[in-house]
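First up is the structure itself, then whatever we jot down about it.
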2 protein chains.
Amino acid sequence: MSCETETATTLKDAGQKVTPQRMLILSSVRHAGGHLTASQILEEVRHSYPYVDASTVYRTLASARVLKLVNETNMGSDDNQFEWIGKERHHHLICRSCGEVTSLDNSYLDGLASTLLEDHRFQADLDHFAIFGVCKGCVGKER
Amino acid sequence: MSCETETATTLKDAGQKVTPQRMLILSSVRHAGGHLTASQILEEVRHSYPYVDASTVYRTLASARVLKLVNETNMGSDDNQFEWIGKERHHHLICRSCGEVTSLDNSYLDGLASTLLEDHRFQADLDHFAIFGVCKGCVGKER
DNA sequence: GTGGCAGATGCAATCAATGGCACTTACATC
DNA sequence: GATGTAAGTGCCATTGATTGCATCTGCCAC
């Protein structure tokens with residue numbers, strides 16, 4: 001099954017319609033292979049379909065987020081960024097000094113998730129976490 | 001030392017000026033004893049000083065955040081919320097179903113912070129974390 | 001107390017993000 | 001293939017958040 005067919009099936013299974021705008025928006029995020037801001041996505045989509053409205057992009061991304069196709073992360077200062085959720089759940093370490101983003105394996109937060117469940121019966125969404133701090137390269141510089 | 005004097009001293013030590021606007025804004029957050037949205041703060045401050053601009057509130061909160069006097073948390077859907085940072089570092093469990101916010105002791109994330117430092121030499125800012133998920137009351141309802 | 005200046009403020013403009021509403025369209029059913 | 005309808009889209013207005021800039025003001029040095 002191609003990426004596009006798979007995306008379409010997911011939408012249909014959720015009772016949503018498959019429209020050209022949605023397919024463009026979701027393909028754009030899927031094949032970017034990283035983080036994109038909403039405005040980057042809008043720009044990208046308009047290359048092939050010029051009159052797509054910004055609100056359509058936001059609404060599509062919002063519903064895709066509910067379906068866990070993408071996630072939205074506040075990467076610090078400005079715009080929120082969107083990213084395709086592949087099979088690999090992972091987290092990010094974001095340096096607030098140089099802005100570098102490092103991926104972090106899911107295993108680091110497994111323990112926390114199960115502790116929260118045991119102690120508080122709280123089922124945490126720890127699929128994708130952004131952890132801010134200072135990276136090894138910047139620790140020296142800051143002091 | 002009163003709260004106000006302490007706040008003023010912190011500002012001065014950081015090379016910032018102590019203005020009536022800043023004192024009102026920071027006192028408002030400090031004595032709210034919880035989370036406030038930027039617009040709630042603006043409203044509150046205008047009770048005693050009607051012509052404070054929204055941009056002043058945002059700028060003051062932004063610089064106070066750098067000084068670690070307050071922190072800013074995305075509590076889910078809409079506005080960001082601000083909270084005074086007391087001596088007690090703590091985290092929040094936020095239920096995405098009912099919106100309930102539970103405080104979580106700092107100890108839960110200590111382990112993660114030291115692991116990140118060991119494995120990645122990454123100095124994480126784990127002073128205040130918002131963890132989304134489903135609370136015990138809502139786990140049943142969601143299914 | 002006066003003067004100078006870096007930092008802070010207020011205003012206006014701007015951008016991101018969202019919601020209302022009328023129109024359009026995908027798609028299930030016949 | 002034609003039809004009905006609920007979901008999706010585009011446009012417009014609005015709100016939240018931020019920035020540029022001219023003016024103002026704490027506050028330090030004298």
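Proteins get letters first, then strands, A, B, ... in listed order; numbering begins at 1 in each.
The main-chain N or O of B:Leu116 is never found under 3.5 Å from a side-chain atom of B:His120 such that the two would form a donor-acceptor pair.
Considering only residues two or more places apart in sequence or on other chains, B:Glu72 meets the salt bridge (Lys or Arg N to Asp or Glu O under 4.0 Å) condition with B:Arg65. Checked against salt bridge (Lys or Arg N to Asp or Glu O under 4.0 Å), A:Asp125 has the following partners two or more places apart in sequence or in another chain: B:Arg96.
Using a 4.5 Å heavy-atom threshold, the side chains of B:Leu42 and B:Thr56 count as separate.
OP1 and OP2 of D:dG26 both lie 4.0 Å or more from every side-chain N or O belonging to B:Arg22. Dashed line: the shortest gap from a side-chain N or O of B:Tyr58 to OP1 or OP2 of D:dT18 is not under 4.0 Å.
Taking CD of B:Gln123 as the reference point, atom CG of A:Leu93 lies at 12.5 Å (rounded to 0.5 Å). If you take OG1 on A:Thr37 and CD on A:Glu43, they are separated by 8.5 Å, rounding to the nearest 0.5 Å. Taken to the nearest 0.5 Å, the CD atom of A:Glu83 stands 9.0 Å off from the CG atom of A:Leu36. Rounding to the nearest 0.5 Å gives a distance of 10.5 Å between NE2 of A:His31 and CG of A:Leu26. Here the straight-line distance linking atom OG of A:Ser114 with atom CG of A:Asp119 works out to 9.5 Å at 0.5 Å rounding. The CH2 atom of B:Trp84 sits 10.5 Å away from atom OG of B:Ser28, with the distance rounded to the nearest 0.5 Å.
Contact record, A:Ala8 with A:Val18: O-CG2, 3.7 Å, taken as the closest heavy-atom pair. Heavy-atom minimum distance, A:Cys135 versus B:Phe122: CA-CD1, 3.7 Å. Scanning all heavy atoms of the two residues, the minimum distance from A:Tyr49 to A:Val52 falls at O-CG2, 3.2 Å.
Atom pair B:Leu61:CG and D:dG16:P shows a separation of 15 Å (rounding to whole Å applied). In this structure, A:Asp13 places its CG atom 16 Å from C1' of C:dA26, rounding to the nearest Å. Atoms CD (B:Glu72) and C1' (D:dG16) sit 12 Å apart, rounded to a whole Å. Distance B:Leu42 CG to D:dT15 P: 14 Å, rounded to the nearest Å. Across the protein-nucleic acid pair, A:Gln81 atom CD and C:dA17 atom C1' stand 16 Å apart, rounded to whole Å. What separates CD of B:Gln40 from P of D:dT15 is a distance of 17 Å, to the nearest Å. When the C1' atom of D:dT15 is taken as reference, atom CD of B:Glu43 falls 15 Å away, rounded to whole Å.
Axis deviation across the helix from C:dG1-D:dC30 to C:dC30-D:dG1 amounts to 40°, comparing end segments of five pairs, rounded to 10 degrees.
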Grab the N/O contacts between the protein and nucleotides 27-30 of chain C below 3.5 Å, and write none if there aren't any.
residue: C:dC27; atom: OP1; partner: A:Val18; partner atom: N; Å: 3.1

Dump the pairs, protein N or O against N or O of nucleotides 10-12 of chain D, anything under 3.5 Å, distances to one decimal.
residue: D:dG10; atom: OP1; partner: A:Gln21; partner atom: NE2; Å: 3.0
residue: D:dG10; atom: OP1; partner: A:Tyr51; partner atom: O; Å: 3.2
residue: D:dG10; atom: OP2; partner: A:Asp53; partner atom: N; Å: 3.4
residue: D:dG10; atom: OP2; partner: A:Thr56; partner atom: OG1; Å: 2.6
residue: D:dG10; atom: N7; partner: A:Arg59; partner atom: NH2; Å: 3.0
residue: D:dG10; atom: O6; partner: A:Arg59; partner atom: NH1; Å: 3.3
residue: D:dG10; atom: O6; partner: A:Arg59; partner atom: NH2; Å: 3.3
residue: D:dC11; atom: N4; partner: A:Ser55; partner atom: OG; Å: 3.3

Write down the protein N/O and nucleotide N/O pairs, taken from nucleotides 2-4 of chain D, whose separation is under 3.5 Å; answer none if there are no such pairs.
none

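The side chain to side chain contact (heavy atoms under 4.5 Å, CB included) test with A:Ile25 singles out one residue from A:Val57, A:Thr19, A:Val70, and that residue is A:Val57.
Where A:Ala54 and A:Pro20 each meet DNA chain C at their nearest nucleotide, the meeting point lying more 5' is that of A:Ala54.
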